[in-house]
Structure formats: C-alpha cells, structure tokens
Amino acid sequence: MKYFIFIICYLTLSFSNDFDYKLKPIKLSENSYYFYGKEEYFSKENGGDIANASFIITSNSVILIDTGSSKSYGEQVKKQIEKITSKPIKYILNTHHHPDHFLGNSAFSSSDIYAAEFTKNEIEQNGDLYIVNLVNLVGEAMNDTKIKAPNQVLTAKTLNLDGYKLDILHLDGHTQSDIAIYDENTKILYASDLVFNKRTLTTPHANMQNWIKSLEELQKIDYSILVPGHGHASKTKEPIKENIAYLNYLDSTLKSSVKEGLDIFEILEKPIPKEFESFTMFKEEFERSVINLYPLYEKDLKK
Ligand SMILES: [Zn+2]
C-alpha cells in the first residue's frame, strides 16, 4: 500500500511540474510559423500563454521571435520546432520587455539572444519582479523560470543571421522600445505588440502618440502577412487601421472627459463604440487603461 501511495505521489509530482501548453505551430509560409497565444489575461488555466511567438527556418538554423512567458513554454516551443526541423535554434529576438514575450528565454541555454538596449536593460533590472508577479498569477507553469537576459544588442537596421537577412524596425509607443521585424524573403511582418489583432490593446507602458506614429510606419510596408503580438495573423492592413482608431478613441475620450470634469466611473459607463465591438477583452483593457492614464491626463490638461 505504501509503495502504491508513493507511486501516485511521484506521478502527481512529475506531471505537475510540466504544464501542458498544447502548442501547435501555425504555418505562415514554407519555412515560417507562429504560435498563437490566447486572447486572455494571465491565469493558472492558460499558464501565461497569451502572446504570439514566431519562428523562421533558414538554411542552417532557426530564428525564434519571442519566447513566451515561462521556461516550460520555451521548452515546449523547442519540442514543437524539433518535430519540423533538426536545425538548431541559434538565434532569438526579444521584441520588447513584457514578460509574456521573453521569460521563455531560460529554456535556450546556447542561443544568441538579441534585443534593443532598453529592452536588455529592463530585463536585467526588472526581470525578477516580473517572475514574482507571474508566479502569483500563473502558478506552477512558472516552475524553474529564471531570467536569461539578451546577450546581443540590436542597433542596426538589418540583421544577417547565418546569411538570412531581416529588417529590424526600431520603434516605440507600446513600450519605450519595440522592435518590429520585416522578412523581405517572405514579406512577413512580425509587428510585436505594436499590433493587436481584434484584441484590445494594453497600455501600461504606452506613449499613445508615439505608438500611432509607429503604426503609421508599419502601415507603409507592403507585407503579405502581418503577425501581431496578440491575436491572429492577418493578410490585410485592417488591424493597423483599427489599432490607430482605438488609440485615437482612448486619447480623445480621456481628453474630453477631463474637460467635462467626469470621474473614472462615468467614463467607464460610456457604451462601447460599434467599431470596437468585435475586440476581445474590451471592457477589461479599456478599464485598465482609463484607471492608469486618467490621472496623468487630468494633471496634464489642468496645468
Ligand atoms: Zn507587450
């Protein structure tokens, strides 16, 4: 009997160590894929799988764009890639410093990890705080997740990885530094969190005017497929247009509310505009943005 209980405990422990993300790569072109993250907030049920990650198989290696929210996610990404190719994941790009995009780095011990200087510094300085926060929100899926900071700083506008050329767009607005990646070989634009497709934008570190300018830059690119940071890939310019419209709506609502002397509750009572009815998480994210940003708008406009 004792032996039986031991086996049960052992099995429970060994399974509980490994949250199953059930990842499935979605094919974008011959050698390009992405993993679609759920349009939800961090939870124990989703294990923090709420952002997209992408990869490109080149002639000698694999380039991974963002690594998800935990070591376990990174490891499961690796397993999925190994089912498609035996080439090594030599290169990783971290698009920005939000934890759903870089905490999976810890699964990749021998890859070169590229990021802009600001992103690299943020990960080095504040990465541990993100882990503490996510352990609370996500729980066991975070097991063994440690900070693995980028070891390569991205400054140039093009990156040549084993002969595979990528355009690097150094932009900002979603955070203080957001990298978008354009692959001229496939005409795929990896827009990072500068674009959310039908998923309401998150603004905890946003500068809305800069974000709009960055979106206008992305709009000029003649891409065939757009891979957003959150939401499904798209073949149209619609997601960019909708994101600009949303940011303008948020900005103008906050400005007019200060003028009218509304309080936060009165702003949140406003009906959802028709054009954003199809956005997921509108209520939660709009509320979060208003609560964070309204005091700043009040301060600025009452000067
Ligand atoms: Zn983000």
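What you see is a predicted model; the values in this text were computed from it and never measured.
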Chemist: Can you tell if the side chain of Ile225 reaches within under 4.5 Å of the side chain of Lys187, non-hydrogen atoms only?
Modeler: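 No; the side chains remain at least 4.5 Å from each other.
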Chemist: Taking side chain to side chain donor-acceptor pair (under 3.5 Å) as the criterion, tell me which of Thr175, Asp172, Asp193 meets it with His96.
Modeler: Asp193
Chemist: Compute whether any side-chain donor of one residue and acceptor of the other, for Asp162 and Thr58, lie under 3.5 angstrom apart.
Modeler: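 No pair is found: no donor N or O on one side chain lies under 3.5 Å from an acceptor on the other.
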Chemist: Strictly distance-based, threshold 3.5 Å: is any side-chain N or O of Asp178 a donor or acceptor partner for the main-chain N or O of His174?
Modeler: yes
Chemist: Could you check if a side-chain atom of Asn207 sits within less than 4.5 angstrom of a side-chain atom of Gln209, using non-hydrogen atoms only?
Modeler: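 A side-chain contact under 4.5 Å exists here.
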Chemist: With distance as the sole test, does Ser70 use its side chain to make a donor-acceptor pair with the main-chain N or O of Gly104 at under 3.5 Å?
Modeler: no
Chemist: Using a 3.5 Å distance criterion without hydrogens, assess whether the side chain of Ser224 forms a donor-acceptor pair with backbone atoms of Thr186.
Modeler: yes
Chemist: Which word best sums up how the rings of Phe35 and Tyr73 line up, parallel for under 30°, tilted for 30 to 60°, or perpendicular for over 60°?
Modeler: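 Rings of Phe35 and Tyr73: perpendicular, over 60°.
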Chemist: Output all residues satisfying ring pair (Phe, Tyr, Trp, His ring centres under 6.0 Å) with Tyr34, sequence neighbours left out; order by chain, then residue number.
Modeler: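 Partners of Tyr34 under the ring pair (Phe, Tyr, Trp, His ring centres under 6.0 Å) test: none.
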Chemist: Answer yes or no: are there more than 12 heavy-atom neighbours, outside Glu124 itself, under 6.0 Å from its atom CD?
Modeler: yes
Chemist: Under the ring-ring contact (aromatic ring centres under 6.0 Å, His included) rule, what do Phe196 and Phe279 come out as? Steps first, then yes or no, please.
Modeler: CA-CA 10 Å; Phe196 284 57; Phe279 278 26; 9.5 Å; no
Chemist: Hydrophobic clusters join Ile, Leu, Val, Met, Phe, Trp and Tyr when side-chain heavy atoms are under 4.5 Å apart, directly or via other members; which others share one with Val153?
Modeler: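 Taking Ile, Leu, Val, Met, Phe, Trp and Tyr as members, Val153 stands alone, with no cluster partners.
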Chemist: Among Leu169, Asn52, Ile56, whose side-chain contact (heavy atoms from CB on, under 4.5 Å) with Tyr190 holds?
Modeler: Ile56
Chemist: In a table with atom names and distances, give each donor-acceptor pair under 3.5 Å that connects a side chain of residues 261-272 to protein atoms at least two apart or in another chain.
Modeler:
{"residue": "Asp263", "atom": "OD1", "partner": "Phe265", "partner atom": "N", "Å": "3.1"}
{"residue": "Asp263", "atom": "OD1", "partner": "Glu266", "partner atom": "N", "Å": "2.9"}
{"residue": "Glu266", "atom": "OE1", "partner": "Asp263", "partner atom": "N", "Å": "2.8"}

Chemist: Quick one: does any side-chain atom of Thr119 pair with a main-chain N or O of Ala115 as donor and acceptor, under 3.5 Å?
Modeler: no
Chemist: Aromatic contact between His205 and His98, with the criterion being ring centroids under 6.0 Å apart: yes or no?
Modeler: yes
Chemist: Quick check against the 3.5 Å criterion: does Asn243 have a side-chain atom that pairs as donor or acceptor with the backbone of Pro239?
Modeler: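 Side chain of Asn243 to backbone of Pro239, a donor-acceptor pair under 3.5 Å: yes, one is there.
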Chemist: Distance-only, no hydrogens or angles: does the Trp211 side chain make a donor-acceptor pair with backbone N or O of Ala206 under 3.5 Å?
Modeler: no
Chemist: Would the number of heavy atoms belonging to other residues, nucleotides or ligands and lying under 6.0 Å from NZ of Lys235 be above 12?
Modeler: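 Counting other residues, nucleotides and ligands, NZ of Lys235 stays at 12 neighbours or fewer.
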Chemist: Can you tell me how far CG of Leu93 sits from CD of Gln152, rounded to the nearest 0.5 angstrom?
Modeler: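 It comes to 10.5 Å.
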Chemist: Does the structure place the NZ or CZ of Lys255 under 6.0 Å from the centre of the six-membered ring of Tyr297, at an angle of no more than 45° from the ring's axis?
Modeler: no
Chemist: Would you check if the distance from the ring center of His232 to the ring center of Tyr36 is below 6.0 Å?
Modeler: yes
Chemist: Taking Lys198's backbone N and O only, do any of them form a donor-acceptor pair with Thr280's side chain (distance below 3.5 Å, no angle check)?
Modeler: yes
Chemist: Using a 3.5 Å distance criterion without hydrogens, assess whether the side chain of Ser252 forms a donor-acceptor pair with backbone atoms of Asn248.
Modeler: yes
Chemist: Show the numbers, then the answer: is there a ring-ring contact (aromatic ring centres under 6.0 Å, His included) between Phe286 and Tyr249?
Modeler: CA-CA 11 Å; Phe286 184 69; Tyr249 169 72; 5.8 Å; yes
Chemist: Quick one, Asn105 with Thr67, criterion side-chain hydrogen bond (donor to acceptor under 3.5 Å, both in side chains). Give me CA distance, side-chain angles, the key distance, then yes/no.
Modeler: CA-CA 6 Å; Asn105 286 3; Thr67 57; 2.8 Å; yes
Chemist: Which one of Glu284, Glu285, Glu39 satisfies the salt bridge (charged side-chain N to carboxylate O under 4.0 Å, His left out) criterion with Arg199?
Modeler: Glu285
Chemist: Less than 3.5 Å apart, any donor N or O on the side chain of Asn126 or Glu122 sitting next to an acceptor on the other?
Modeler: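 There is such a pair (donor and acceptor under 3.5 Å, judged by atom type) between the side chains of Asn126 and Glu122.
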Chemist: Within 45° of the ring axis of Tyr223 and under 6.0 Å from its six-membered ring centre, is that where the NZ or CZ of Lys237 lies?
Modeler: yes
Chemist: Using 4.0 Å as the upper bound for N to carboxylate O, is an ion pair formed by Glu75 and Lys79?
Modeler: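 Salt bridge flag = no for Glu75 with Lys79.
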Chemist: When you measure from the side chain of Asn46 to the backbone of Tyr41, do you find a donor-acceptor pair of N or O atoms at a distance under 3.5 Å?
Modeler: yes
Chemist: Less than 3.5 Å apart, any donor N or O on the side chain of Glu238 or Ser234 sitting next to an acceptor on the other?
Modeler: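 No, no side-chain donor-acceptor pair sits under 3.5 Å.
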Chemist: Between the main-chain N or O of Gly48 and the side-chain N or O of Tyr21, is there a donor-acceptor pair closer than 3.5 Å?
Modeler: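 Between the backbone of Gly48 and the side chain of Tyr21 there is no qualifying donor-acceptor contact (under 3.5 Å).
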Chemist: Provide the closest heavy-atom pair for Gly229 versus His101 in the form atom of the first, atom of the second, distance.
Modeler: O-CE1, 4.2 Å
Chemist: Check the side chains of Ser289 and Thr203 for a donor-acceptor pair under 3.5 angstrom, ignoring hydrogens and angles.
Modeler: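 There is such a pair between these side chains.
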Chemist: Under 4.0 Å between a Lys/Arg side-chain N and an Asp/Glu carboxylate O for Asp167 and Lys157?
Modeler: no
